[in-house]
Amino acid sequence: MAKLKANKPTADVLMNSMRAMGYSFEAAIADIVDNSVSAQARNIVLRFPIDPSDCCVAVCDDGIGMNKKELLDAMKYGSQLKSANRSEDDLGRFGLGMKAASLSQCRRLTVASKKDGKLSAYIWDLDIIEEKKDWYMVDCSKEQIAEIRYVDFLSDKESGTIVLWENFDLIEKSSGNVYAELGKHQNATAEYLSLIFHRYLNGEGRNPLTIMVNNYKLTGLDPFLENHRKTNVRRKIEIPIKDSDGKEQIVSVQPFVLPFQKDLSAEDKRLSGGIENYRAKQGFYIYRNKRLIIWGTWFGRHRDELTKYARIKVDIPNSLDDIWGIDIKKQHATIPAIIRNRLTKAVDEAMDLAVKAQTYRGRVEKVDEKVDYIWDRIKERDNQFVYRINRNSRIFDLLKEKVDDETWNRLDMVLDEIETSVPYQQIYIDKSQNRVDDTVDDERVAEIESKARILIKMSMDMGAADRNAVIGRLLQSEPFCKYPELEEKLKEA
């Protein structure tokens, strides 16, 4: 039999390492709110400082609370209760969130909880951990509990929990003004929670949920504008998938195509997440037990200029966390191959509607159907024409596979402005007077060859088997189709 030896991690090293997990302030607060929601809280109050001498942040709730034994386990890194007694509506997973999220922002974490009228509290303090080099918490006495900031929140409640953050060393080092920075975080956190928990705030949770930030009551956003008369709501699709135990679970997919921007009121713009994100945040919205995990991405799926108003609501149960690859911060998820095709089908249904809704404006006129043009000439009503940059041109493959969805969508908006600002009249005047320099020098040819080689290499790296076939397709695209003499050179590896 092999000899076994315990190898306990060094407390201060591990805890300081976990502080660098990459939590934003807002995501860390959301992780604490997750615990409150899982504890069936109906009222959650966030306290931010209103006095520079009192720089602490607290999340207070009226949930079911914890007794002393349960709180001790909850403060442990890798809570046993989290893994052993996880309910279907639990928003946690690893038993690390409260500790990792809190200590990513501060050095001192206090948790006071009340259950059956009895109050207990523990403190993780990095100063103590670094001094003792071991996993020592402060087990608060009655006198210490009475001194905990905001503990009076629980005085008239049978149960509830307070999570208190103090000693914001990272903010102190980065800005030097903790009070001012926490003020900024207060506003950003309010906006973030209004989106992340919008379905709970709008009444979809098991219990009505109210979240207050100091004296401000949050209202949930509506990224799908479900009540807007011009929102196209597509048929919901349910995808059965087996979890790790072989039990069938359901993934629900609901596509929406949002209205044109001209049809939005100021309130519509606010509810959808802000006009600056209206197009930049199209794509999948992944929910885990109605809590938004990740949004505004196509997960690498082909993006089309005509699908800019489509958003896809995807609901997954927490029993599929391991299959979906939900990370500790609950800020990342990946689509498993087993359901990607079904999701794509649902998306395509929504995309077809988006295309129909937008292409009424005109049809693309091509001189040669075989050529992949950079500019589309679009015939509209009354025999009028507009010119639009063809986002599906192979030239954009240089970008689409290398940038994330949000970056591409913001670039798309810039291209929109370029299209609407083409100086047609001046171009016509200059062209009629032979004042347009359209000569092609050797440097331009070399530049075209270089771009062609980049696209060819990209295609081969992505699995294309026939280099000559890739070159043939490329030479059907602008600007490469204007330089057929490059074909033989490009065939040279």
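- Remark: D12 does not engage K132 in a salt bridge, criterion side-chain N to carboxylate O under 4.0 Å.
- Contact detail for V151 and A146: the closest heavy-atom pair is CG1-O, 4.0 Å.
- Residues F284 and W295 place their aromatic rings such that the two centres sit no closer than 6.0 Å.
- In this structure, the ring-ring contact (aromatic ring centres under 6.0 Å, His included) partners of F25, at least two apart in sequence or on a different chain, are W165, H185.
- K8 has a carboxylate O that lies under 4.0 Å from a charged side-chain N of D134, or vice versa, which qualifies the two as a salt bridge.
- Pairing each heavy atom of I148 with each of A121, the nearest pair is CD1-CB, 3.6 Å.
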Pair S265, D268 - check side-chain hydrogen bond (donor to acceptor under 3.5 Å, both in side chains), show working. CA-CA 5 Å; S265 66; D268 294 330; 3.1 Å; yes
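- Ion pairing between K290 and D315 fails under the 4.0 Å rule for side-chain N and carboxylate O.
- Interatomic distance, CG of D73 versus CG of L71, reported as 9.5 Å (0.5 Å rounding).
- Remark: K281 is not positioned above the aromatic ring of Y278, lacking an NZ or CZ atom under 6.0 angstrom from the ring centre and at most 45 degrees off the axis.
- The pair K230-D263 meets the salt-bridge criterion, with a side-chain N (NZ, NE, NH1 or NH2) lying under 4.0 Å from an Asp/Glu carboxylate O.
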Would you please test D125 and I129 for side-chain contact (heavy atoms from CB on, under 4.5 Å) and show each step? CA-CA 6 Å; D125 191 324; I129 297 297; over 6 Å; no
Should E147 and K142 be marked as a salt bridge (charged side-chain N to carboxylate O under 4.0 Å, His left out) after you check the CA-CA gap, both sets of side-chain angles, and the distance that decides it? CA-CA 9 Å; E147 297 296 321; K142 288 184 179 180; over 6 Å; no
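- Distance alone, capped at 3.5 Å, is enough to place a donor-acceptor pair between the Q254 side chain and the R234 backbone.
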Yes or no on side-chain contact (heavy atoms from CB on, under 4.5 Å) for H198 and L193, after CA distance, side-chain angles and deciding distance? CA-CA 7 Å; H198 73 89; L193 298 182; over 6 Å; no
Side chains of residues 43-62: which donor-acceptor pairs under 3.5 Å do they make with residues two or more places apart or in other chains?
| residue | atom | partner | partner atom | Å |
| --- | --- | --- | --- | --- |
| N43 | ND2 | D62 | OD2 | 2.9 |
| D51 | OD1 | S53 | N | 2.8 |
| D51 | OD1 | S53 | OG | 2.8 |
| D54 | OD1 | R149 | NE | 3.3 |
| D54 | OD2 | R149 | NE | 3.0 |
| D54 | OD2 | R149 | NH2 | 2.5 |
| D61 | OD1 | G63 | N | 2.8 |
| D61 | OD1 | T161 | N | 3.3 |
| D61 | OD2 | S36 | OG | 2.7 |
| D62 | OD1 | R42 | N | 2.9 |
| D62 | OD1 | N43 | N | 2.9 |

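- Looking only at side-chain heavy atoms (C-beta outward), V111 and M75 come within less than 4.5 Å of each other.
- Salt-bridge formation is not detected for the pair R291/E204: no Lys NZ or Arg NE/NH1/NH2 atom is positioned less than 4.0 Å from an Asp or Glu carboxylate oxygen.
- A distance of 11.0 Å separates OG1 in T219 from CD1 in I211, rounded to the nearest 0.5 Å.
- Considering CG of L218 and CD1 of I196, their distance stands at 12.5 Å, rounded to 0.5 Å.
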Worked check of salt bridge (charged side-chain N to carboxylate O under 4.0 Å, His left out) between R311 and E226: CA-CA 11 Å; R311 295 182 177 183; E226 295 189 46; over 6 Å; no
Set out, in order, the CA-CA distance, both residues' side-chain angles and the distance that settles side-chain contact (heavy atoms from CB on, under 4.5 Å) for K114 and K118, then state yes or no. CA-CA 5 Å; K114 190 176 185 180; K118 296 181 179 180; over 6 Å; no
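- The backbone N or O of I418 sits nowhere less than 3.5 Å from a side-chain atom of S421 that would complete a donor-acceptor pair.
- For the pair K115 and E70, the salt-bridge criterion is met [side-chain N within less than 4.0 Å of a carboxylate O].
- A donor-acceptor pair shorter than 3.5 Å cannot be found between the side chains of E172 and N167.
- The CG atom of N16 sits 11.5 Å away from the OG1 atom of T10 when rounded to the nearest 0.5 Å.
- Within 6.0 Å of CG in D156 there are more than 12 heavy atoms belonging to other residues, nucleotides or ligands.
- Here the closest heavy-atom approach between residue W135 and residue P9 is recorded as NE1-O, 3.4 Å.
- Of all heavy-atom pairs between L109 and K99, the closest is CD2-CA, 4.2 Å.
- Contact of the L103 side chain with the M15 side chain is registered, since non-hydrogen atoms from C-beta on lie closer than 4.5 Å.
- Considering only heavy atoms from C-beta on, C106 stays 4.5 Å or farther from E166 through its side chain.
- In this structure, M66 CE and S159 OG are separated by 10.5 Å, a value rounded to the nearest 0.5 Å.
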Using side-chain contact (heavy atoms from CB on, under 4.5 Å), reason through M98 and V163 one step at a time and then give a plain yes or no. CA-CA 9 Å; M98 180 178 67; V163 176; 4.2 Å; yes
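- Nearest heavy-atom pair across G160 and S113 is O-OG, 3.2 Å.
- The minimum heavy-atom distance between A30 and Y192, with the atom names listed, is CB-CE2, 3.8 Å.
- Between D139 and K68 the shortest side-chain heavy-atom distance falls below 4.5 Å.
- Under a 4.0 Å N-O distance rule, the pair R19/D169 qualifies as a salt bridge.
- Between K457 and L455, the closest side-chain pair of non-hydrogen atoms is not below 4.5 Å.
- Counted by atom type alone, D376 and Y387 present zero donor-acceptor pairs between their side chains at under 3.5 Å.
- Taking a cutoff of 4.0 Å between a charged side-chain nitrogen and a carboxylate oxygen, R270 and E191 do not qualify as a salt bridge.
- Atom CG of residue L119 and atom CG of residue N67 lie 12.0 Å apart, to the nearest 0.5 angstrom.
- Screening residues 216-239 for ring pair (Phe, Tyr, Trp, His ring centres under 6.0 Å) gives F224-F256, F224-Y285 as the qualifying pairs, with residues at least two apart or on separate chains.
- Considering only heavy atoms from C-beta on, L221 stays 4.5 Å or farther from F197 through its side chain.
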